[in-house]
Enquirer: 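Got a structure for you, written out below as structure tokens; questions coming shortly.
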Protein chains: 2
Amino acid sequence: MHACHQHEKMCVSLVPIFNHLETEQMAEIMKTAKSGTFKRGEIIYHAGDKSDSLYILNKGKIRIYRLSESGKEQLVRILHPGDFTGELALFKEETHESYAEAIAMTQICMINRTDLQELLLKYPSISIKILTEFSNRLEEAERQTTRFATEKAETRIAVFLAECLEDQGQFNMLELPMSKKDLASYLGTTPETISRKLADLQHKGYIRQISNKKIEVLDLDGMLLI
Amino acid sequence: MHACHQHEKMCVSLVPIFNHLETEQMAEIMKTAKSGTFKRGEIIYHAGDKSDSLYILNKGKIRIYRLSESGKEQLVRILHPGDFTGELALFKEETHESYAEAIAMTQICMINRTDLQELLLKYPSISIKILTEFSNRLEEAERQTTRFATEKAETRIAVFLAECLEDQGQFNMLELPMSKKDLASYLGTTPETISRKLADLQHKGYIRQISNKKIEVLDLDGMLLI
DNA sequence: CGACAGGTTGACCGTTATCAAAGATCGTGG
DNA sequence: CCACGATCTTTGATAACGGTCAACCTGTCG
């Protein structure tokens with residue numbers, strides 16, 4: 001673990017929290033940050049760990065998942081460079097409830113709790129950035145909860161495809177951002193159901209499966225009316 | 001709509017956001033706050049409304065619910081005095097995704113977006129309070145999502161009863177905090193299923209239904225092992 | 001007292017989980 | 001860079017879970 005040296009990298013990785021700050025403030029933040037690397041399969045933090053850092057992903061991919069009361073795993077999200085995690089437990093003196101696992105060679109920057117809180121008090125505008133980010137996450141989490149509560153698996157899958165399409169801005173071609181096993185865990189279903197429902201959607205003419213991860217959407221509106 | 005006059009009420013209603021501030025700062029905040037009252041059934045905000053206030057509940061009860069993509073309603077939470085809402089859209093220049101409906105004679109205080117952001121920049125400690133609150137809500141929302149994703153209805157109901165018991169600290173007697181219809185909506189199921197599963201739990205000897213809303217828990221651990 | 005919303009119960013059926021087995025894909029180490 | 005093993009994916013058969021519809025019951029409030 002050593003301080004982050006490359007400003008370019010920091011600029012990338014700290015989007016969207018710190019990118020509105022002046023260079024000198026950035027330098028100050030960089031001084032307080034540590035970096036670390038993890039190999040595929042390594043756990044960055046466990047549920048139950050006392051949490052004391054904000055982790056900002058520089059390079060690689062991280063899988064965030066939770067275990068339910070009965071021990072079943074659910075994928076919460078996948079982090080890409082520039083995303084951060086660990087923020088939840090930063091503001092409550094408690095422990096993580098989720099697991100963070102590197103799923104590729106991964107490099108992260110870490111800012112510990114006390115340093116971050118000092119930064120927040122010193123540069124209140126950072127707070128507003130984080131609040132904004134939290135708002136979005138909360139809205140997203142509640143939307144997701146409502147979907148689970150009210151939609152069946154087929155609809156959840158269709159909505160997920162629609163969101164992929166929107167995110168990737170690729171007209172009518174999309175690439176699944178994770179394995180179907182992970183997708184099943186993310187959508188609260190099983191890999192078998194994902195397979196079958198995609199086959200159904202294809203049968204009905206809404207999509208065409210090009211390859212394992214590539215899907216062409218033929219009738220977005222029709223698909224969403226299911 | 002008129003300024004909030006009674007400091008006592010403010011102190012109550014602004015817990016837990018502002019209660020660490022000095023009296024004079026409190027006075028400043030009170031100057032910027034407006035108050036309003038709503039009758040049972042009145043809507044405080046609609047999904048789609050441009051949101052521009054933080055609402056702090058003084059007196060009464062508010063039902064927060066969302067509509068899914070396909071138009072089904074889900075109860076997100078019920079607010080009690082001291083709780084706040086409207087915070088989400090405050091940090092993104094967008095609109096509400098949820099509905100807030102008074103379910104009793106209700107009195108609220110409102111702080112508008114620009115005033116609040118000024119307060120945040122002036123008193124960074126408020127940000128940390130709100131961040132803490134957001135963290136808790138986010139954790140809660142993600143835990144709820146995981147439950148929907150991985151547990152069946154019976155387990156969700158059992159876990160809900162366990163949480164009621166914990167919240168109410170009443171040893172082994174609990175009172176449902178909402179109608180079974182609302183509970184069904186909150187737990188992503190139907191009133192029929194709630195009825196049946198409670199009857200099942202009673203049959204298996206885990207609970208005893210005293211009256212419509214009162215339940216005695218006979219074997220908490222057993223119930224949670226379902 | 002009657003009306004109405006909420007709650008319960010039964011019968012039935014659609015959706016999806018589960019188990020099993022075969023086929024495809026990926027990552028790793030030689 | 002290729003080949004092998006591990007993991008992921010697909011498909012089929014089956015069963016469980018819970019949603020829906022309908023009828024009836026209950027309590028509440030004018």
Side-chain angles (χ1 to χ4, degrees), chain A residues 39-42 60-61 63 68 70-75 78 101-106 147-158 160 175-204 207-215 226, chain B residues 40-41 63 68 70-75 101 103-104 147-158 160 175-204 207-215 226:
Chain A
K39 287 202 282 279
R40 174 184 171 80
E42 288 187 315
K61 265 190 186 184
R63 239 167 64 95
S68 71
S70 63
K72 265 167 269 173
E73 178 181 318
Q74 196 221 354
L75 181 66
I78 289 186
E101 174 195 358
I103 51 175
M105 184 52 104
T106 282
R147 255 175 222 160
F148 279 117
T150 61
E151 312 285 14
K152 42 187 192 177
E154 182 167 38
T155 310
R156 298 202 300 272
I157 294 169
F160 181 84
E175 184 141 357
L176 296 178
M178 56 186 109
S179 72
K180 286 176 187 169
K181 184 175 182 270
D182 279 348
L183 183 56
S185 165
Y186 181 71
L187 293 179
T189 182
T190 59
E192 292 94 326
T193 297
I194 298 277
S195 262
R196 282 191 248 270
K197 294 305 177 185
L198 286 180
D200 283 359
L201 290 174
Q202 176 158 344
H203 240 112
K204 293 177 192 159
I207 66 171
R208 197 163 62 92
Q209 303 187 64
I210 310 289
S211 67
N212 187 13
K213 291 238 164 64
K214 273 215 180 74
I215 294 177
I226 298 174
Chain B
R40 175 184 169 81
R63 237 168 64 94
S68 70
S70 63
K72 265 167 270 174
E73 180 183 316
Q74 195 220 355
L75 180 66
E101 174 195 356
I103 52 176
R147 255 174 222 160
F148 279 116
T150 61
E151 312 286 14
K152 38 187 193 178
E154 183 167 36
T155 310
R156 299 202 300 273
I157 294 171
F160 180 84
E175 185 141 356
L176 296 178
M178 56 185 108
S179 71
K180 287 177 186 168
K181 186 172 180 272
D182 278 347
L183 183 56
S185 166
Y186 181 70
L187 293 179
T189 181
T190 59
E192 292 95 325
T193 297
I194 299 276
S195 263
R196 281 191 250 269
K197 293 305 179 185
L198 287 179
D200 283 359
L201 290 174
Q202 177 159 342
H203 240 112
K204 292 178 194 161
I207 65 171
R208 197 162 63 89
Q209 303 186 65
I210 310 288
S211 67
N212 188 10
K213 292 238 163 64
K214 275 214 179 77
I215 294 177
I226 297 174

Enquirer: If only atom types and distance count, is the side chain of Arg156(B) paired as donor or acceptor with the main-chain N or O of Thr189(B) below 3.5 Å?
Expert: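 Not confirmed, Arg156(B) side chain does not pair with Thr189(B) backbone.
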Enquirer: Suppose we screen for side-chain hydrogen bond (donor to acceptor under 3.5 Å, both in side chains). Which residues come up paired with Asn212(B), at least two apart in sequence or across chains?
Expert: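 Checked Asn212(B) against side-chain hydrogen bond (donor to acceptor under 3.5 Å, both in side chains); matches are Lys180(B).
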Enquirer: Between Thr190(A) and dT16(C), is there a side-chain N or O to OP1/OP2 distance below 4.0 Å?
Expert: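 Answer no for this pair, as no side-chain N or O of Thr190(A) is under 4.0 Å from OP1 or OP2.
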Enquirer: By side-chain contact (heavy atoms from CB on, under 4.5 Å), which residues pair with Arg196(B), not counting sequence neighbours?
Expert: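 Testing Arg196(B) for side-chain contact (heavy atoms from CB on, under 4.5 Å), a comparison that skips the adjacent residues, returns Glu192(B).
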Enquirer: Could you report the tightest heavy-atom contact between Ile157(A) and Thr193(A), atom names first, then the distance?
Expert: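 For Ile157(A) and Thr193(A), the tightest heavy-atom pair comes out as CD1-O, 4.4 Å.
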Enquirer: What nucleotide, of dG19(D), dT16(C), dT10(D), holds the atom closest to the side chain of Lys152(A)?
Expert: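 Of the options given, the side chain of Lys152(A) lies nearest dT16(C).
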Enquirer: Going by side-chain hydrogen bond (donor to acceptor under 3.5 Å, both in side chains), name the residues that satisfy it together with Lys197(A), two or more places apart in sequence or in a different chain.
Expert: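 So Lys197(A) forms no side-chain hydrogen bond (donor to acceptor under 3.5 Å, both in side chains) with any residue.
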Enquirer: Atom CG of Leu187(A) to atom P of dT9(D): distance rounded to whole Å?
Expert: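 About 13 Å, once rounded to whole Å.
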Enquirer: Taking side-chain hydrogen bond (donor to acceptor under 3.5 Å, both in side chains) as the definition, give me every residue that meets it alongside Glu42(A), ordered by chain and number, with sequence neighbours left out.
Expert: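 With neighbours one apart ignored, the set is empty.
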Enquirer: Mind listing the closest non-hydrogen atom pair of Leu75(A) and Tyr186(A) along with its distance?
Expert: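 Closest pair (atom of Leu75(A), atom of Tyr186(A), distance): O-CD1, 3.3 Å.
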Enquirer: Where along nucleotides 24-30 of chain D does protein come under 4.0 Å, by heavy atom, of base (B) or sugar-phosphate alone (S), with - for untouched nucleotides?
Expert: -------
Enquirer: Starting from the first five and the last five pairs of the helix from dC1(C)-dG30(D) to dG30(C)-dC1(D), work out the angle between the resulting helix axes, to 10 degrees.
Expert: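 Roughly 60°, once rounded to the nearest ten degrees.
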Enquirer: Between the side chains of Ser68(B) and Gln74(B), does any donor sit under 3.5 Å from an acceptor?
Expert: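 No, because no side-chain N or O of Ser68(B) sits under 3.5 Å from a partner of the opposite role on Gln74(B).
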Enquirer: Between Phe160(A) and Leu176(A), which heavy-atom pair has the shortest distance, and what is it?
Expert: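 Closest pair (atom of Phe160(A), atom of Leu176(A), distance): CE2-CD2, 4.3 Å.
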Enquirer: Among all residues two or more places apart in sequence or in another chain, which pass the salt bridge (charged side-chain N to carboxylate O under 4.0 Å, His left out) test with Lys204(B)?
Expert: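 Checked Lys204(B) against salt bridge (charged side-chain N to carboxylate O under 4.0 Å, His left out); matches are Glu154(B).
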Enquirer: Examine distances only and state if a side-chain atom of Arg40(A) and a backbone atom of Ile103(A) form a donor-acceptor pair shorter than 3.5 Å.
Expert: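 Checking the backbone N and O of Ile103(A) against the side chain of Arg40(A), a donor-acceptor pair under 3.5 Å is found.
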Enquirer: Between Lys72(A) (NZ) and dT16(C) (P), how many Å, whole number?
Expert: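 Rounded to the whole Å, the gap is 16 Å.
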Enquirer: Near DNA chain C, which residues from residues 191-204 of chain B have a heavy atom under 4.0 Å away?
Expert: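 Heavy-atom cutoff 4.0 Å gives Glu192(B), Ser195(B), Arg196(B).
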Enquirer: Using a 4.0 Å cut-off on protein heavy atoms (strictly under), produce a 5'-to-3' string for nucleotides 22-30 of chain C with B for base contact, S for backbone-only sugar-phosphate contact, and - for none.
Expert: ------S--
Enquirer: Just to verify, what does Ser195(A) make a side-chain contact (heavy atoms from CB on, under 4.5 Å) with, not counting sequence neighbours?
Expert: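 side-chain contact (heavy atoms from CB on, under 4.5 Å) check on Ser195(A) returns nothing, list empty.
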Enquirer: Which residues in residues 177-185 of chain B have at least one heavy atom lying under 4.0 Å from any atom of DNA chain C?
Expert: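 Here the set is Ser179(B), Lys180(B), Lys181(B).
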Enquirer: If you look at every heavy atom in Met178(A) and Lys213(A), which pair is closest and at what distance?
Expert: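 So the minimum-distance heavy-atom pair works out to O-CE, 3.2 Å.
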Enquirer: Just call it for Gly188(B): base, sugar-phosphate, or nothing, with non-hydrogen atoms closer than 4.0 Å on any strand.
Expert: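 If one applies the 4.0 Å heavy-atom cut-off, Gly188(B) turns out to touch the sugar-phosphate alone, with no base involved.
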Enquirer: For Arg63(A), give me all partners under side-chain hydrogen bond (donor to acceptor under 3.5 Å, both in side chains), at least two apart in sequence or on another chain.
Expert: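 Once residues adjacent in sequence are excluded, the partners of Arg63(A) under the side-chain hydrogen bond (donor to acceptor under 3.5 Å, both in side chains) criterion are Glu73(A), Glu101(A), Asp182(A).
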Enquirer: Rounded off to whole Å, could you give me the CD-to-P distance for the Glu154(A) and dA17(C) pair?
Expert: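 Answer to the nearest Å: 12 Å.
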Enquirer: Identify the heavy atoms of Pro191(A) and Ala184(A) that sit nearest to each other, and give their distance.
Expert: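 Where Pro191(A) meets Ala184(A) most closely, the heavy atoms are N-CB, 3.4 Å.
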Enquirer: Has the side chain of Gln202(B) got a donor or acceptor atom that lies under 3.5 Å from a matching backbone atom of Gln209(B)?
Expert: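 Looks like yes, one N/O pair under 3.5 Å.
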Enquirer: Quickly work out the Phe148(B) CZ to dG18(D) P distance and round it to whole Å.
Expert: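 For the pair Phe148(B) CZ and dG18(D) P, the rounded distance is 13 Å.
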